[in-house]
Amino acid sequence: MTLGLDLQRVASCYQTELQLFAEKHPRSGAFYQENLQHWLYGAPLHWMQQWPGSYPIMVADAQGATLTDCDGHHYVDFALGDTGAMFGHAQPAVAAAIAEQALHGSTLMLPTADSLWVGKELTRRFGLPYWQVTTSATDANRFVLRLCRMITGRQKVLVFNCNYHGSVDESQVEFDAQGQMIPRDGVHANGLQHQATTRLVEFNDLPALEAALAHGDVAAVLTEPFMTNVGMVPPAPGFHDGLRELTRRYEVPLIIDETHTLSCGPGGYCGEHGLQPDFFVLGKSIAGGIPTAVWGASQAMAERIWQVLPHFQPGQAINHFGFGGTLAGNALQMAAMRATFSEVMNEASYAHMFHLAERLRAGVEAIIHKHRLPWHVTRIGARVEYLFMQQPPRNGGEAHHARHGLIEAYLHLYLLNRGVLLTPFHNMALLCPTASEAQVDLHNLLLDQCLAQVLPGAGS
């Protein structure tokens with residue numbers, strides 16, 4: 001017994017759930033076997049293989065907060081494409097805007113009138129004056145890091161242990177048991193010489209942060225405002241004030257990546273808490289599923305960029321400056337962003353999402369207390385996560401050691417077999433504007449039933 005559960009019971013019940021999954025999803029299983037003949041890992045993206053069960057379910061339809069698979073099962077979707085569909089699937093206003101623009105051209109490598117509205121809205125909503133569009137937040141982070149190296153003349157990027165920044169090479173590191181930086185588990189050591197590119201610090205550790213910055217070789221600090229990808233790690237009181245003061249003292253640009261923490265409100269965590277980054281990155285959910293991200297720069301950073309990379313003038317040699325992309329800033333992205341910002345990402349939507357998230361959080365907390373589990377549950381805005389330790393972790397290392405693969409797999413598969421989807425990588429639920437109280441209550445009921453089967457003495 002550990003973490004409040006009987007692990008032998010967990011292992012046994014997990015095998016039962018795997019059998020039930022196979023019985024309930026024969027068509028998905030057949031499609032998966034066919035896909036194994038054509039896709040490297042049996043799906044267009046290998047992450048799709050990481051859902052609970054022996055193979056991914058094949059989706060036939062997605063509307064609002066509900067998915068339907070090819071075997072005819074309906075699911076309450078609290079994963080929402082791992083945040084990409086945070087405002088619901090097939091949102092009518094966004095879908096209509098995408099369809100309308102597609103009739104008039106999708107990608108032009110020229111601006112459309114929607115760029116006027118979107119640019120003004122990004123500045124109004126997030127505060128920074130200058131913006132660029134990419135096709136993913138990973139690319140946005142990569143491009144900003146390239147620029148930071150150009151304007152500072154420095155090489156290294158500072159990130160926090162167990163961070164989330166997509167597949168940015170410099171961030172694919174972690175601490176080993178001896179506190180040494182190594183490639184993240186599953187990342188091959190020959191991918192990048194991380195000792196030359198990266199400094200790694202635990203989140204919330206201001207003394208370690210200052211010691212790292214004091215070397216004078218850090219081109220940028222890249223961070224989430226609230227860690228979200230290893231079990232949620234809140235910033236300690238004073239951490240953000242200290243982070244901003246230290247980056248300014250050592251003249252290091254501060255990049256805040258709000259790809260996940262946009263769940264905190266229409267202006268993200270920065271807007272809710274008055275943070276002032278030099279660069280701001282946002283992706284996944286801002287264009288209704290059309291691959292889109294943006295990065296913004298302060299006035300001071302923009303002026304430093306223009307000194308290195310001035311505006312193009314006719315007659316000069318054309319240069320793309322080493323960042324960008326032919327499909328970035330395309331007409332479809334602009335139409336989708338305009339519809340998302342104007343029709344969906346508003347105070348009313350967030351109020352409903354927050355209400356449901358608090359209902360889910362309170363329900364999970366009651367279940368934890370009922371079963372006397374040494375767990376906790378955390379909510380930031382519309383995002384809720386439960387983790388197998390009594391108090392919220394102080395840093396990514398603590399959160400990482402509180403994870404338990406078998407328990408997570410069992411919980412997720414039990415819920416999936418009964419019509420509720422969590423984000424496959426951890427115990428995270430995200431609430432969209434079209435979700436309902438009944439759907440939240442279903443999650444809480446199933447979680448209670450699931451845990452009751454694996455408590456100490458449950459099998460006797």
Side-chain angles (χ1 to χ4, degrees), residues 45-47 50 82-84 134-150 152 154-176 179-205 208-209 212-213 215 217-233 235 239-240 243 246-247 252-262 269 277-284 293-295 322-323 393 395-400 403 423 425-426 428:
L45 174 65
H46 62 284
W47 296 353
Q50 296 182 29
D82 191 21
T83 305
T134 71
T135 52
S136 72
T138 291
D139 272 351
N141 282 322
R142 285 183 180 133
F143 299 159
V144 172
L145 292 178
R146 179 184 290 269
L147 287 167
C148 287
R149 286 178 167 129
M150 294 174 77
T152 65
R154 302 169 183 169
Q155 177 63 21
K156 292 190 177 180
V157 175
L158 189 146
V159 295
F160 294 102
N161 192 33
C162 300
N163 60 77
Y164 172 73
H165 300 300
S167 56
V168 172
D169 287 335
E170 294 89 340
S171 71
Q172 305 299 301
V173 290
E174 64 186 11
F175 283 128
D176 64 14
Q180 299 299 308
M181 184 176 71
I182 59 173
R184 188 173 293 173
D185 184 35
V187 175
H188 200 283
N190 69 5
L192 195 71
Q193 296 298 318
H194 289 107
Q195 297 297 334
T197 65
T198 307
R199 289 197 179 277
L200 185 64
V201 173
E202 286 286 9
F203 197 66
N204 285 321
D205 191 340
L209 173 63
L213 296 181
H215 289 276
D217 58 1
V218 174
V221 171
L222 174 60
T223 185
E224 299 174 272
F226 194 122
M227 295 189 76
T228 62
N229 210 48
V230 65
M232 294 197 292
V233 181
F239 174 70
H240 277 296
L243 171 63
L246 287 171
T247 50
V252 176
L254 173 60
I255 310 164
I256 292 187
D257 181 348
E258 289 240 39
T259 297
H260 278 175
T261 53
L262 189 61
Y269 190 97
D278 297 303
F279 293 96
F280 182 95
V281 170
L282 184 62
K284 286 198 178 185
V294 295
W295 61 268
F323 66 91
N395 53 53
E398 284 190 0
H400 175 72
R403 303 282 297 275
T423 299
F425 313 118
H426 42 123
M428 194 275 290

Can you name the side-chain hydrogen bond (donor to acceptor under 3.5 Å, both in side chains) partners of Thr197, sequence neighbours left out? none
Applied to residues 138-148, the salt bridge (charged side-chain N to carboxylate O under 4.0 Å, His left out) test, sequence neighbours excluded, yields Asp139-Arg142
Those residues that, when tested against Ala137, pass side chain to side chain contact (heavy atoms under 4.5 Å, CB included) (two or more places apart): Thr259, Val281, Ala293
Thr138: which residues meet the side-chain hydrogen bond (donor to acceptor under 3.5 Å, both in side chains) condition with it, sequence neighbours left out? none
In terms of the angle between their ring planes, are Phe203 and Phe160 parallel, tilted or perpendicular, with boundaries placed at 30° and 60°? perpendicular
Any sub-3.5 Å donor-acceptor pair from Lys284's side-chain atoms to Asp82's backbone N or O? yes
Pairing residues for Arg154 by the side-chain hydrogen bond (donor to acceptor under 3.5 Å, both in side chains) criterion, not counting sequence neighbours: none
Among residues at least two apart in sequence or on other chains, which ones pass side chain to side chain contact (heavy atoms under 4.5 Å, CB included) with His400? Cys162, Val230
Tell me yes or no: between the side chains of Asn161 and Glu174, is some donor less than 3.5 Å from an acceptor? no
Report the residues that fulfil ring pair (Phe, Tyr, Trp, His ring centres under 6.0 Å) with Phe279, sequence neighbours left out, ordered by chain and then residue number. none
Residues in ring pair (Phe, Tyr, Trp, His ring centres under 6.0 Å) contact with Tyr164, at least two apart in sequence or another chain: His260
Residue list, side chain to side chain contact (heavy atoms under 4.5 Å, CB included) with Asp176, at least two apart or on another chain: Gln178, Gln180, Ile182
Test side chain to side chain contact (heavy atoms under 4.5 Å, CB included) applied to Gln195 - qualifying residues, sequence neighbours left out: Met181
Enumerate the salt bridge (charged side-chain N to carboxylate O under 4.0 Å, His left out) contacts for residues 183-199, please, sequence neighbours excluded, ordered by first and then second residue. Arg199-Asp217
Which residues pass the side-chain hydrogen bond (donor to acceptor under 3.5 Å, both in side chains) test with Thr261, not counting sequence neighbours? Glu258
